[in-house]
Amino acid sequence: MAESERAKMADGQWYTCLDSELEALRATARDAVFEHNILPPRQRANLGPALRALLGGVGEGARIEAPFHCAYGFNLFLGSGVFLNAGCTILDTASVLIGKGTLLGPNVQIYCAEHHREPAGRQAGLEIARPVAIGDNAWIGGSAIILGGVSIGEGAIVGAGAVVTRDVAANTTVVGNPARPVKRG
């Protein structure tokens with residue numbers, strides 16, 4: 001029996017995102033995200049109920065401000081006390097682990113999907129999913145972009161607007177495009 005596109009995605013193989021099972025999973029995520037984004041803040045609390053149920057893991061006190069968007073949800077794991085400010089987008093085709101106490105500024109984007117380099121492959125919907133891991137007590141500045149396959153260490157700081165294409169060591173500050181280390185001052 002042929003391996004499903006979902007199984008290929010989970011195994012880090014090339015898969016086609018133009019698949020009915022994956023589309024159904026994205027539709028479920030869109031419904032949960034929609035509920036989260038339209039609920040009045042006092043009703044939503046830290047997370048809308050459907051989004052909380054969808055996520056792979058949610059630590060105590062984790063909070064996501066609206067609006068928010070994710071591709072699947074079940075690949076997103078939030079440690080206790082994690083805060084995602086308004087406008088964050090997480091395309092979680094692979095696991096996205098966000099450690100306890102980590103803060104994401106407004107409009108932070110995390111992209112796990114990498115599209116095929118050949119035009120025919122992109123037109124066929126071929127992509128590969130690369131995980132992202134962010135350690136405890138990190139701070140990701142507003143409008144930063146984190147690409148798939150990147151790990152950001154505990155206590156690291158990613159400056160606003162940075163594009164993170166490589167791993168960031170613990171307790172390091174990076175800025176720019178592509179993000180590069182700077183001395184903390």
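Worth knowing before you read on, the calculation uses all heavy atoms, side chains too, and leaves out hydrogens, waters and symmetry mates. Quick caveat, the model's predicted, so the values are computed rather than measured.
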Set of ring-ring contact (aromatic ring centres under 6.0 Å, His included) partners for H116, sequence neighbours left out: W14
Tell me, with the steps shown, if M9 and E127 meet side-chain contact (heavy atoms from CB on, under 4.5 Å). CA-CA 8 Å; M9 181 177 79; E127 55 188 42; 5.6 Å; no
Considering only distance and modelled atom types, tabulate donor-acceptor pairs under 3.5 Å from the side chains of residues 66-87, sequence neighbours left out.
{"residue": "Y72", "atom": "OH", "partner": "R26", "partner atom": "NH1", "Å": "2.8"}
{"residue": "N75", "atom": "ND2", "partner": "D92", "partner atom": "O", "Å": "2.8"}
{"residue": "N75", "atom": "ND2", "partner": "T93", "partner atom": "O", "Å": "3.4"}

Is it the case that one hydrophobic cluster holds both W139 and V174, taking links as side-chain heavy atoms less than 4.5 Å apart, direct or via other members? no
Presence of salt bridge, E114 and R130, under 4.0 angstrom: yes
How far apart are the closest heavy atoms of A169 and A156, and which atoms are they? O-CB, 3.8 Å
Residues L147 and V150: closest non-hydrogen pair is O-CG2, 3.1 Å
Test side-chain contact (heavy atoms from CB on, under 4.5 Å) applied to I152 and I140, I157, V132, the passing residue: I140
For residues 169-181, pull every pair meeting side chain to side chain donor-acceptor pair (under 3.5 Å), keeping only residues two or more places apart or in separate chains. T173-R184
How far apart are the closest heavy atoms of K100 and D136, and which atoms are they? N-OD1, 2.9 Å
Between N107 and C88, is there a side-chain heavy-atom distance shorter than 4.5 Å? no
Starting at NZ of K8, measure out to CG of D19 and round the result to the nearest 0.5 Å. 9.0 Å
Would you say R6 and L22 make side-chain contact, with heavy atoms under 4.5 Å? yes
Whether T165 side chain and P178 backbone form a donor-acceptor pair below 3.5 Å: no
How far apart are the closest heavy atoms of E35 and L51, and which atoms are they? OE1-N, 4.3 Å
Interatomic distance, I38 atom CD1 to R44 atom CZ [nearest 0.5 angstrom]: 10.5 Å
Here the gap from C17 atom SG to L91 atom CG, rounded to the nearest 0.5 Å, amounts to 11.0 Å
Under 3.5 Å: donor-acceptor pair, side chain of E5, backbone of Y15: no
Considering all heavy atoms, the nearest G48-L39 contact: CA-CD1, 4.1 Å
Residue among L104, I145, T89 satisfying side-chain contact (heavy atoms from CB on, under 4.5 Å) with I110: L104
To the nearest 0.5 angstrom, please state how far the CZ atom of R117 sits from the CG atom of L126. 13.0 Å
State whether R30 and E23 are salt-bridged, where the test is any N-O pair (Lys NZ or Arg NE/NH1/NH2 against Asp/Glu carboxylate O) under 4.0 Å. yes
Shortest non-hydrogen pair, A138 vs G153, comes out as CB-O, 4.2 Å
If we ignore hydrogens and angles and just use 3.5 Å, is the side chain of S4 paired with the main-chain N or O of A7 as donor and acceptor? yes
Evaluate I134 against V158 for side-chain contact (heavy atoms from CB on, under 4.5 Å), listing each step before the verdict. CA-CA 11 Å; I134 303 173; V158 174; over 6 Å; no
